[in-house]
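Presented below is the structure to which this report refers.
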There are 2 protein chains.
Amino acid sequence: MNIGDVAARSGLPAKTIRYYEDIGLVRPQRDPNGYRAFREQDLHKLAFLGRARGLGFSIEDCRNLLHLYEDETRTSAEVKDIAQHHLDEIDAKIANLREMRDTLSDLVRCCAGDDRPDCPILESLGSEPETK
Amino acid sequence: MNIGDVAARSGLPAKTIRYYEDIGLVRPQRDPNGYRAFREQDLHKLAFLGRARGLGFSIEDCRNLLHLYEDETRTSAEVKDIAQHHLDEIDAKIANLREMRDTLSDLVRCCAGDDRPDCPILESLGSEPETK
DNA sequence: ATAAGGGTTCCAGCAACTGGAAGGTCAAGG
DNA sequence: CCTTGACCTTCCAGTTGCTGGAACCCTTAT
């Protein structure tokens with residue numbers, strides 16, 4: 001399989017696949033002409049990576065998850081640990097974004113959005129946050 | 001005011017303030033010795049930027065908001081437009097993260113987290129998503 | 001004289017790609 | 001046989017918003 005096929009079948013851009021090779025996540029063989037030659041196994045790895053990235057895992061997490069995936073002697077505790085940490089981070093991010101959104105949607109709601117210059121959004125950004 | 005004072009009073013790291021000068025968000029004057037000399041006005045701008053960044057606005061949005069803030073002929077519609085776009089993006093991010101979290105928390109919940117190798121998390125990452 | 005605690009510049013690096021340039025390879029069509 | 005087009009290759013630069021560090025200057029106190 002050439003990179004284009006793998007890209008189509010894994011859903012990852014060819015650029016990304018090359019990048020993953022660069023950083024050592026996959027090691028496709030090479031044809032005599034220099035083209036990357038992917039086996040089913042490589043495709044499977046890339047699909048794994050695509051799904052892990054889709055769940056928001058960092059590249060380093062992905063690397064570790066992949067190692068565990070291929071390590072028969074792993075424990076599910078190791079995997080769960082990584083996932084739990086990531087879950088905590090996601091929750092933190094959501095909480096953070098929600099706070100932004102709440103503040104911001106209040107401001108947007110209060111803004112007339114007409115052609116006058118008065119704007120509660122700018123007023124709020126321009127002054128100390130009194131309520132906290 | 002030197003940069004340290006402004007950092008303390010604005011809550012922004014000195015590095016960040018220098019960076020903001022680099023990209024043209026503030027233009028402090030200079031003392032004869034080469035030190036940046038901030039006026040109250042500059043501090044005010046930086047505080048504005050800090051709050052806008054705190055709401056998650058991109059630097060470019062911040063730049064535009066700052067221009068509008070200082071432009072007497074602005075319309076609140078222009079401001080609201082920027083804020084509304086940003087709000088939409090935040091909502092999209094939250095939705096995205098929530099989906100990740102839902103999937104991930106299911107997986108974490110199903111994982112024993114013991115010293116056996118069987119792990120639904122890895123199994124899920126290793127196989128086609130059947131539902132959906 | 002020197003030491004501490006400011007300040008300055010510039011360069012590199014983070015994450016995870018993405019775009020683009022310059023060029024090699026291959027199969028099909030005229 | 002040559003060309004065209006669609007592949008593939010490498011390498012370099014840019015993205016976002018800083019952050020760390022090196023090497024150096026300025027000021028004040030001891």
Side-chain angles (χ1 to χ4, degrees), chain A residues 1-38 42-43 45-46 48-66 82 85-86 89-90 93 96-97 100, chain B residues 1-38 42-43 45-46 48-66 82 85-86 89-90 93 96-97 100:
Chain A
M1 261 181 297
N2 283 346
I3 200 167
D5 308 316
V6 182
R9 291 180 59 191
S10 70
L12 295 171
K15 278 271 184 187
T16 298
I17 296 172
R18 290 196 195 97
Y19 171 68
Y20 285 175
E21 183 188 9
D22 255 25
I23 61 174
L25 287 179
V26 277
R27 299 179 199 287
Q29 302 184 302
R30 296 289 178 138
D31 283 337
N33 62 11
Y35 286 19
R36 287 169 184 82
F38 296 86
D42 297 314
L43 173 59
K45 260 195 193 184
L46 286 165
F48 180 102
L49 289 168
R51 285 186 285 267
R53 292 286 301 135
L55 286 178
F57 284 104
S58 72
I59 290 285
E60 278 323 294
D61 277 351
C62 288
R63 193 190 299 277
N64 293 326
L65 289 171
L66 203 48
I82 294 175
H85 273 150
H86 180 44
E89 272 172 20
I90 288 180
K93 270 188 202 165
N96 196 358
L97 285 171
M100 287 181 190
Chain B
M1 263 182 293
N2 282 347
I3 199 166
D5 308 316
V6 182
R9 291 180 58 190
S10 69
L12 295 171
K15 279 266 183 190
T16 298
I17 297 173
R18 290 196 195 96
Y19 171 68
Y20 286 175
E21 183 187 9
D22 254 24
I23 61 174
L25 287 179
V26 278
R27 301 180 198 285
Q29 303 185 301
R30 296 288 178 138
D31 283 338
N33 62 10
Y35 285 20
R36 288 169 183 82
F38 295 86
D42 297 314
L43 172 60
K45 261 195 192 184
L46 287 165
F48 180 102
L49 289 168
R51 284 186 286 266
R53 291 287 301 135
L55 286 178
F57 284 105
S58 71
I59 290 286
E60 279 323 294
D61 278 350
C62 288
R63 193 190 300 278
N64 292 326
L65 289 170
L66 202 49
I82 294 175
H85 274 148
H86 180 45
E89 272 172 19
I90 289 179
K93 269 188 201 165
N96 196 356
L97 286 171
M100 287 182 190

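Note on naming: letters A, B, ... go to the chains in the order of the sequence lines (proteins, then strands), and numbering restarts at 1 for each one. None of the values given here were measured: they were computed from a predicted structure.
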Would you mind reading off the distance between [X] atom [atom1] and [N] atom [atom2], rounded to a whole angstrom?
X: B:E21; N: C:dT9; atom1: CD; atom2: P; value: 7 Å
X: B:D22; N: C:dT8; atom1: CG; atom2: P; value: 12 Å
X: A:D31; N: C:dG24; atom1: CG; atom2: P; value: 19 Å
X: A:R18; N: D:dC7; atom1: CZ; atom2: P; value: 12 Å
X: B:L12; N: D:dG17; atom1: CG; atom2: P; value: 14 Å
X: A:I17; N: D:dC7; atom1: CD1; atom2: P; value: 14 Å
X: A:R63; N: C:dC17; atom1: CZ; atom2: C1'; value: 15 Å
X: A:D61; N: C:dA16; atom1: CG; atom2: C1'; value: 14 Å

Categorize [X] for me: base, sugar-phosphate, or nothing, with a 4.0 angstrom heavy-atom threshold over every strand shown.
X: B:I23; answer: nothing
X: A:R36; answer: sugar-phosphate
X: A:Y20; answer: sugar-phosphate

Looking only at atom types and distance, does a side-chain atom of [X] sit under 3.5 Å from a main-chain N or O of [Y], one as donor and one as acceptor?
X: B:R53; Y: B:C62; answer: no
X: A:N2; Y: A:G4; answer: no
X: B:H86; Y: B:D61; answer: no

Is [X] close enough to [N] that one of its side-chain N or O atoms is under 4.0 Å from OP1 or OP2 there?
X: B:T16; N: D:dT19; value: yes
X: B:R30; N: C:dT9; value: yes
X: B:N33; N: D:dT27; value: yes
X: A:R53; N: C:dC17; value: yes

>> Rounded to the nearest 0.5 Å, what separates atom CD1 in B:I90 from atom CE in A:M100?
In response: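 It comes to 6.0 Å.
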> Between the side-chain atoms of B:K15 and the base atoms of D:dG17, is any donor-acceptor pair under 3.5 Å?
Replying inline: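 Per atom types, no contact qualifies.
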> Do A:R18 and A:E21 meet the salt-bridge criterion of a basic N to acidic O distance under 4.0 Å?
Replying inline: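 Looking at A:E21 and A:R18, the cut-off is not met.
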